[in-house]
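One structure below.
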Amino acid sequence: PYCGSGTTLVEGFVRGINVAGTDLNPLARLISEAKLSLPEQSELDDAISRFNKYCQAFQSGRFEGEVEVVGIRNLSFWFKPDVIAKLSYLKRFIDDIPSKQIQLFFQVAFSETVRESSNTRIDEFKLYRYDSARLEKFAPNVFAIMQFKLRRNRLGLQAFARRVQSLPKIPMAHIYDFNTVSDIPEQLISPESVDIVLTSPPYGDSRTTVAYGQFSRLSSAWLGFGDAISVDRNLMGGKVYRADVELPSKAICAALRQIALADGKREQEVRAFYADLYRSIQNVATVIRKDGYACYVVGNRRVKGVELPTDVAVRDFFERCGFQHVETFARAIPNKRMPLQNSPTNEAGKRNATMTREFVVVMQKMKVTWQTALK
């Protein structure tokens with residue numbers, strides 16, 4: 001679940017393990033599918049060669065084939081006119097690629113090119129436009145960015161192909177779009193058929209933590225994913241509702257009571273996220289075989305100055321579903337984008353430390369649960 005750009009799936013695949021992932025973000029699914037694809041190298045090289053010649057043939061000022069980009073209001077606010085023309089030119093080439101696998105390869109490079117040539121600050125997850133001084137000097141070389149991404153990704157593909165070709169048998173990989181909060185379709189993943197679940201769920205709702213949908217919205221719109229704007233609303237905690245579901249975690253319930261004393265509305269928003277997380281874990285638990293494992297990488301964020309023990313909540317939620325706790329490991333968050341401090345209230349002088357550690361919670365499904373023992 002929450003497979004993101006597919007790194008975990010790739011690591012399993014190159015070890016000969018059958019893998020399956022699901023994500024609500026269409027761009028994440030596209031990248032995951034591309035990473036697990038093995039296009040014919042000679043056919044790919046031919047496409048890259050044709051692409052390079054195609055770029056050389058572009059005549060600025062004469063190209064009048066701008067594509068329609070649905071899902072971005074005021075396109076010229078986020079992209080300079082010259083960039084819009086060049087991205088449109090590139091997309092027409094990509095849309096005409098007959099091979100699905102090679103088209104995926106180009107689409108991944110294109111998604112990064114869109115992001116890096118837009119008027120947005122690339123070190124942010126949320127959409128923030130460059131200030132006027134930075135915009136005045138901003139002149140991205142769209143074609144060069146795309147060509148670099150293609151060369152880099154081709155090297156990655158070659159390394160991936162060598163690993164896979166050394167395996168005695170090529171494993172299977174499946175990418176799905178179902179929401180584990182609602183259901184895991186049995187026709188896609190059978191009950192008790194999974195050996196291990198390894199994932200990192202969101203730290204909290206997208207509105208107040210990492211806005212995954214915003215981060216990918218521009219690229220998704222250029223690629224034609226019309227529902228990109230609704231991604232954040234559909235993620236866990238994305239819809240605020242009165243969550244009356246029982247949360248089987250004393251630690252989380254205690255933290256929620258503290259938040260409620262400061263802000264009742266905020267408590268309901270946070271409770272909705274944990275209600276969704278619990279529902280997701282209940283569904284995920286059903287597909288793991290007896291003696292199988294669930295490994296969740298989580299971070300403990302702060303809301304209203306209260307630390308939310310998500311690592312304990314995950315342990316408690318799985319224990320309610322018939323799992324036993326194996327171990328919880330702590331580690332520094334790698335490649336941390338967030339600042340070490342933030343100002344959640346926007347009041348001068350009031351700052352909170354952001355997350356610097358995350359926890360790997362390892363759970364194992366028991367062969368005999370207390371529910372079955374009672375029966």
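Hydrogens, waters and symmetry mates play no part in the numbers below; they use all other heavy atoms, side chains included. Starting from 1, each residue takes its place in the sequence as its number.
Asn300 and Asp311 share a donor-acceptor pair across their side chains, judged by distance under 3.5 Å alone. A side-chain donor from one of Ser280 and Thr180 sits under 3.5 Å from a side-chain acceptor of the other. Donor-acceptor pairing under 3.5 Å is lacking for the side chains of Tyr274 and Ser249. For the 3.5 Å distance criterion, the side chains of Asp177 and Thr22 fail to qualify, holding no donor opposite an acceptor.
Annotation: side chain of Thr310 is not in contact with side chain of Tyr203 (no heavy-atom distance under 4.5 Å). Counting only heavy atoms from C-beta outward, the side chains of Cys3 and Thr199 never approach each other to under 4.5 Å.
Ring planes of Tyr89 and Phe143: tilted class, angle from 30 to 60°.
Taking the six-membered ring where the residue is Trp, the centroids of Tyr296 and Phe318 are separated by under 6.0 Å.
At a threshold of 4.0 Å, the pair Glu112-Arg152 counts as salt-bridged, since one of the basic side-chain nitrogens sits closer than that to a carboxylate oxygen. Looking at Arg50 and Asp46, a side-chain N of the basic residue comes within less than 4.0 Å of a carboxylate O on the acidic one, giving a salt bridge. Ion pair Asp23/Arg29 not flagged as a salt bridge, since none of the NZ, NE, NH1 or NH2 atoms sits closer than 4.0 Å to an Asp/Glu carboxylate oxygen.
Nearest heavy-atom pair, Phe77 versus Arg129, reported as atom, atom and distance to 0.1 Å: O-NE, 2.7 Å. When all heavy atoms of Val108 and Asn153 are compared, the closest pair comes out as CG1-ND2, 4.0 Å.
Judged as a salt bridge (charged side-chain N to carboxylate O under 4.0 Å, His left out), the pairs with a partner in residues 154-173 (not counting sequence neighbours) are, in order, Asp45-Arg154. Within the structure, ring pair (Phe, Tyr, Trp, His ring centres under 6.0 Å) contacts touching residues 20-52 (residues at least two apart or in different chains) are Phe51-Phe93, Phe51-Phe106.
For CZ of Phe160, the number of neighbouring non-hydrogen atoms (other residues, nucleotides, ligands) closer than 6.0 Å is greater than 12. Other residues, nucleotides and ligands contribute over 12 non-hydrogen atoms within 6.0 Å of the CG atom of Leu188.
Each of Lys290, Lys365, Arg289 was compared with Asp195 under the salt bridge (Lys or Arg N to Asp or Glu O under 4.0 Å) criterion, and only Arg289 meets it. Among Glu269, Glu267, Gln268, the one residue that satisfies the side-chain hydrogen bond (donor to acceptor under 3.5 Å, both in side chains) test with Lys265 is Glu269.
A distance of 11.0 Å separates CG of Asn119 from CG of Asp131, quoted to the nearest 0.5 Å.
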